[in-house]
Asks: 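Here it is, the structure, as structure tokens.
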Amino acid sequence: MKKNNGHLLAEKPWLPFGILILASVTCALLLIAVGRTLSSSAPLLCSLNAAYASSEAAAISADYATTPTQLLAIFHYATSRQIPQQSPMEIRVAFDILKELAPCNLLVFGLGHDSLMWAALNARGTTLFLEEDPAWLHATLRSAPVLRAHFVAYRTRLSQADELRSYYKFDPHCLPPNIRLKGNNQCKLALSELPEEVYEKDWDIIMIDGPKGFYPEAPGRMGPIFSAAVMAQRRKNWGVTHVFLHDVERKVEREYAAEFLCRKYLVRSVGRLWHFAIPPAPNVTEATAAYNSTFC
């Protein structure tokens, strides 16, 4: 048996990771369901009305029935050789926040082999992906049509990163407190032509794992980092915006994160992933506007 198991792992080195993803998705669903079921169980225990208890149990059961997205994710990671770009420890950082907040609003820059996992962990929330490669977008949606994703055309190039980071400080269209994203074509760092839904929602979690940023002609992640900071500062609902930035071993990601996401909001660093918890900006009056013209 040991020989057979070793032979299986040698042939399928992806199998342990697939099992880990499968277990993570399953555990998340169970933990959320059990926690919320227990918290809502007091009325059931105190009620003598059998009909009420029965309908309440049915509602709970319907609430936590497995969704098509979750079923597809379980099947995919149990049978595929494709594994997420992030390491298990990096995935766990965002997983812990999703376990607390789901269902929530989750915005992801970049489609990848982990997209089904994020969508499944937030199956009853809103999960939206933004992708710059139309061929990869269409291929991904063919294999996983349950995902919600949009094409995004970026106006920047990685080779412009240093120039853009210096220039924005002298452009009032790029500065708080009254900065906006939608239609802001004057500020090159602002993602000004995203789907309307992106501007309308408060995003509880923003994952930045795209677009490409490893060669000079690539779009780079300057725009998503800058725009995530603006979204977090302009949040209307209570609570912080959790921003996860991947590939922080690269110079541009590190420098733009320090400039716009702010080291004072960095709450965790694991591997190549940084986790920021950014509060909304305070209300600014004309008298205090001059003192609130920076991100950090």
Side-chain angles (χ1 to χ4, degrees), residues 85-86 90 93-94 106-112 129-133 152-182 184-194 198-199 203 205-235 240-281 292-296:
Q85 299 93 313
Q86 297 183 25
E90 291 167 347
V93 179
L106 168 61
L107 180 65
V108 184
F109 287 91
L111 272 175
F129 298 89
L130 303 176
E131 172 59 39
E132 94 274 11
D133 184 338
V152 175
Y154 291 93
R155 299 184 290 159
T156 58
R157 294 292 176 265
L158 185 65
S159 58
Q160 302 171 321
D162 291 338
E163 176 188 349
L164 291 172
R165 190 164 62 90
S166 299
Y167 172 77
Y168 92 92
K169 299 173 185 177
F170 304 100
D171 185 348
H173 297 98
C174 296
L175 296 175
N178 298 315
I179 184 174
R180 59 187 174 85
L181 294 177
K182 181 181 178 181
N184 186 359
N185 296 318
Q186 295 91 339
C187 179
K188 290 187 177 180
L189 287 171
L191 299 182
S192 58
E193 298 181 2
L194 297 175
V198 178
Y199 303 122
W203 296 99
I205 300 174
I206 302 175
M207 175 75 71
I208 304 173
D209 207 356
K212 299 181 185 72
F214 54 88
Y215 58 93
E217 295 77 23
R221 297 180 185 173
M222 301 85 70
I225 293 172
F226 176 88
S227 298
V230 174
M231 292 178 197
Q233 287 205 355
R234 293 179 67 87
R235 181 181 179 87
V240 300
T241 302
H242 296 273
V243 179
F244 297 94
L245 175 62
H246 198 225
D247 298 317
V248 295
E249 79 283 5
R250 301 194 301 219
K251 174 177 178 288
V252 169
E253 277 78 357
R254 288 198 310 273
E255 291 182 349
Y256 270 71
E259 186 79 25
F260 299 111
L261 302 179
C262 311
R263 288 193 175 275
K264 65 183 177 181
Y265 299 135
L266 178 63
V267 295
R268 196 170 178 189
S269 173
V270 175
R272 298 182 295 147
L273 185 80
W274 282 354
H275 170 204
F276 298 83
I278 305 175
N292 292 274
S293 60
T294 62
F295 283 87
C296 299

Asks: Applying side-chain hydrogen bond (donor to acceptor under 3.5 Å, both in side chains), can you list everything that pairs with Gln233, at least two apart in sequence or on another chain?
Replies: none
Asks: Would you check if the side chain of Ser227 reaches a backbone N or O of Ala190 as a donor-acceptor pair within less than 3.5 Å?
Replies: no
Asks: Take Val230 and Arg180, measure what side-chain contact (heavy atoms from CB on, under 4.5 Å) needs, and give me the verdict at the end.
Replies: CA-CA 7 Å; Val230 174; Arg180 59 187 174 85; over 6 Å; no
Asks: Got a donor-acceptor contact below 3.5 angstrom from the Glu131 side chain to the Gly110 backbone?
Replies: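 Here the side-chain-to-backbone pair does not exist.
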Asks: Is there a side-chain contact (heavy atoms from CB on, under 4.5 Å) between Glu253 and Leu245? Walk through the geometry before answering.
Replies: CA-CA 8 Å; Glu253 277 78 357; Leu245 175 62; 4.2 Å; yes
Asks: Verify the neighbour count for atom CD of Glu193: are there more than 12 heavy atoms of other residues, nucleotides or ligands below 6.0 Å?
Replies: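 No, because the 6.0 Å sphere around CD of Glu193 holds 12 heavy atoms or fewer from other groups.
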Asks: Compare every heavy atom of Arg254 with every heavy atom of Val248, then report the nearest pair and how far apart it is.
Replies: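 For Val248 versus Arg254, the nearest heavy atoms are O-CG, 2.6 Å.
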Asks: Once salt bridge (charged side-chain N to carboxylate O under 4.0 Å, His left out) is applied, do any residues pair with Asp162, and if so which ones, sequence neighbours excluded?
Replies: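 With sequence neighbours excluded, Asp162 shows a salt bridge (charged side-chain N to carboxylate O under 4.0 Å, His left out) to Lys251, given in chain and number order.
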Asks: Using the test side chain to side chain contact (heavy atoms under 4.5 Å, CB included), find all partners of Leu273 that sit at least two apart in sequence or belong to another chain.
Replies: Gln86, Glu90, Val93, Phe244, His246
Asks: Please step through side-chain contact (heavy atoms from CB on, under 4.5 Å) for the pair Val252 and Leu158, ending with a clear verdict.
Replies: CA-CA 8 Å; Val252 169; Leu158 185 65; 3.7 Å; yes
Asks: Who pairs with Glu249 by salt bridge (charged side-chain N to carboxylate O under 4.0 Å, His left out), at least two apart in sequence or on another chain?
Replies: Arg272
Asks: Would Asn184 and Ser192 count as having a side-chain donor-acceptor pair, cut-off 3.5 Å?
Replies: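 Side-chain D/A pair, Asn184 to Ser192: absent.
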Asks: List for me each residue that meets side chain to side chain contact (heavy atoms under 4.5 Å, CB included) alongside Ala277, sequence neighbours excluded, and say none if there are none.
Replies: Val240, His242, Val267
Asks: By salt bridge (charged side-chain N to carboxylate O under 4.0 Å, His left out), which residues pair with Arg268, not counting sequence neighbours?
Replies: Asp96
Asks: Compare every heavy atom of Met231 with every heavy atom of Ile206, then report the nearest pair and how far apart it is.
Replies: CD1-SD, 3.9 Å
Asks: Can you name the side chain to side chain contact (heavy atoms under 4.5 Å, CB included) partners of Cys262, sequence neighbours left out?
Replies: Lys264, Tyr265, Cys296
Asks: Write out all pairs satisfying ring pair (Phe, Tyr, Trp, His ring centres under 6.0 Å) with one or both partners inside residues 156-182, taking only residues at least two apart or from two chains.
Replies: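 Counting only pairs at least two positions apart or across chains, the ring pair (Phe, Tyr, Trp, His ring centres under 6.0 Å) contacts touching residues 156-182 are Tyr168-Phe260.
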Asks: Is the distance from the ring center of Phe226 to that of Phe295 below 6.0 Å?
Replies: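 Yes, they do, as the ring centres are separated by less than 6.0 Å.
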Asks: Search all heavy atoms of Ile179 against all heavy atoms of Leu175 and return the closest pair with its distance.
Replies: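 Shortest heavy-atom separation between Ile179 and Leu175 comes out as CB-O, 3.5 Å.
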Asks: Taking all heavy atoms of Pro224 and all of Ile208, pick out the closest pair and write down the distance.
Replies: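 Nearest pair, atom of Pro224 first, then Ile208: O-CD1, 3.7 Å.
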Asks: Is the backbone N or O of Ala161 less than 3.5 Å from a side-chain atom of Tyr256, with the two atoms forming a donor-acceptor pair by type?
Replies: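 Side chain of Tyr256 to backbone of Ala161, a donor-acceptor pair under 3.5 Å: yes, one is there.
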Asks: Heavy-atom distance under 4.5 Å between the side chains of Leu107 and Phe129, does that happen here?
Replies: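 No; the side chains remain at least 4.5 Å from each other.
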Asks: Sorted by first residue and then second, give each side chain to side chain donor-acceptor pair (under 3.5 Å) pair with at least one member in residues 211-220; sequence neighbours left out.
Replies: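 Sorted pair list: Glu132-Lys212.
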Asks: Can you list everything that forms a side-chain hydrogen bond (donor to acceptor under 3.5 Å, both in side chains) with Ser159? Sequence neighbours excluded, please.
Replies: none
Asks: Go through it in stages, so that I can follow the logic: the residues are Leu261 and Leu266, the test is side-chain contact (heavy atoms from CB on, under 4.5 Å), and I'd like the CA-CA distance, side-chain angles, deciding distance and then a yes or no.
Replies: CA-CA 8 Å; Leu261 302 179; Leu266 178 63; over 6 Å; no
Asks: Between Glu163 (side chain) and Gln160 (backbone), is there a donor-acceptor pair under 3.5 Å?
Replies: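 Here the side-chain-to-backbone pair does not exist.
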Asks: Name all residues meeting the side-chain hydrogen bond (donor to acceptor under 3.5 Å, both in side chains) criterion together with Arg165; count only those two or more places apart in sequence or in a different chain, and write none if there are none.
Replies: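 Once residues adjacent in sequence are excluded, the partners of Arg165 under the side-chain hydrogen bond (donor to acceptor under 3.5 Å, both in side chains) criterion are Glu255.
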Asks: If the test is side chain to side chain contact (heavy atoms under 4.5 Å, CB included), which one of Leu191, Val152, Asp209 qualifies with Phe109?
Replies: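 Per the side chain to side chain contact (heavy atoms under 4.5 Å, CB included) rule, the option paired with Phe109 is Leu191, out of Leu191, Val152, Asp209.
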Asks: What do the steps show when you test Asp247 against Arg221 for salt bridge (charged side-chain N to carboxylate O under 4.0 Å, His left out), and what is the final call?
Replies: CA-CA 10 Å; Asp247 298 317; Arg221 297 180 185 173; 2.8 Å; yes
Asks: Could you list the residues that satisfy side chain to side chain contact (heavy atoms under 4.5 Å, CB included) with Lys182, not counting sequence neighbours?
Replies: Glu196, Tyr199
